[in-house]
Amino acid sequence: MLWVCQAVSMDDPGGTLRVLVADDNRDAADILAELLRSSGCLASIAYDGSQALALVAEQRPDVAILDLDMPGCSGLEVARAIRCDLHLDECLCVCLTGMSRCDLQGTARDAGFDEVLMKPLNVEDLFRLLEAWKVR
């Protein structure tokens, strides 16, 4: 799986996949970011929604993995902001939540999420998703 995050970025044709991990559970965010880094990604971390918005504007990630319930603003608000930015129209927005999938599927799609993954995260599902996005 170490090859998963080697991708072609629209801004940097020879670059590496830039991933934003946003979760107010610091341990979960740190572990996921480190896992992504070990797979070759450039991973940044936000511990709340406001920080995630700032990093989105600054770094223009290829992928945003967002928890829904964060202080500052929710993952839904961050996803909406990404979808309003024309420079981020290729960004893959992944909702990572412990909420019931059927409870939020429509809400997540309406906010601009491309995929919903459930906590606890199945890392193989995430890597399959990243690989499918990379080759589309």
Side-chain angles (χ1 to χ4, degrees):
M1 274 193 267
L2 294 178
W3 45 268
V4 157
C5 288
Q6 299 301 318
V8 175
S9 166
M10 299 303 282
D11 296 327
D12 181 10
T16 299
L17 198 62
R18 295 179 313 262
V19 181
L20 169 63
V21 175
D23 196 327
D24 59 328
N25 179 329
R26 288 177 177 262
D27 291 337
D30 292 345
I31 290 168
L32 180 54
E34 190 55 40
L35 179 65
L36 290 163
R37 288 180 190 124
S38 72
S39 296
C41 292
L42 296 174
S44 57
I45 304 169
Y47 300 116
D48 63 49
S50 299
Q51 188 180 23
L53 285 173
L55 287 174
V56 163
E58 176 185 317
Q59 299 179 355
R60 300 202 181 282
D62 301 305
V63 177
I65 303 171
L66 309 171
D67 181 29
L68 284 187
D69 189 22
M70 295 185 287
C73 66
S74 72
L76 293 170
E77 292 170 290
V78 176
R80 286 185 192 107
I82 289 171
R83 291 299 170 231
C84 288
D85 186 332
L86 295 177
H87 295 101
L88 293 170
D89 62 342
E90 294 292 318
C91 181
L92 174 67
C93 287
V94 179
C95 172
L96 182 57
T97 184
M99 297 173 63
S100 167
R101 184 180 296 258
C102 60
D103 288 345
L104 62 91
Q105 193 72 27
T107 304
R109 295 275 184 223
D110 290 345
F113 282 104
D114 299 298
E115 297 290 335
V116 176
L117 295 177
M118 305 307 294
K119 291 180 181 180
L121 176 63
N122 180 325
V123 176
E124 290 180 4
D125 288 345
L126 175 61
F127 283 141
R128 274 193 292 274
L129 177 64
L130 293 176
E131 183 61 25
W133 177 83
K134 183 183 87 168
V135 297
R136 64 180 168 87

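Keep in mind that this is a model prediction, so the values were computed, not measured.
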- So side chain to side chain donor-acceptor pair (under 3.5 Å) across residues 24-35, not counting sequence neighbours, yields D30-Y47
Non-hydrogen atoms of [X] and [Y] that approach each other most closely:
X: A108; Y: L76; value: CA-CD2, 4.1 Å
X: A33; Y: A43; value: O-CB, 3.7 Å
X: L42; Y: T16; value: N-CG2, 4.0 Å
X: D48; Y: P71; value: CB-O, 3.1 Å
X: R60; Y: H87; value: NH1-CB, 3.4 Å
X: P61; Y: L88; value: O-CD2, 3.8 Å

Inter-residue atom distance [X].[atom1] - [Y].[atom2], 0.5 Å rounding:
X: T97; Y: L121; atom1: OG1; atom2: CG; answer: 12.0 Å
X: D62; Y: E90; atom1: CG; atom2: CD; answer: 9.5 Å
X: I31; Y: L36; atom1: CD1; atom2: CG; answer: 12.0 Å
X: S50; Y: E77; atom1: OG; atom2: CD; answer: 8.5 Å

- Query: Under the salt bridge (Lys or Arg N to Asp or Glu O under 4.0 Å) test, which residues partner D69, sequence neighbours left out?
  - Reply: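 Residues passing salt bridge (Lys or Arg N to Asp or Glu O under 4.0 Å) with D69: none at all.
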- Does R83 have any salt bridge (Lys or Arg N to Asp or Glu O under 4.0 Å) partners at least two apart in sequence or in another chain, and if so, which? D114
- Message: Between E131 and K134, does any side-chain N to carboxylate O distance fall below 4.0 Å?
- Response: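 Yes, charged N to carboxylate O under 4.0 Å.
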- side-chain contact (heavy atoms from CB on, under 4.5 Å), paired with L96, selected from V21, L117, L68: L117
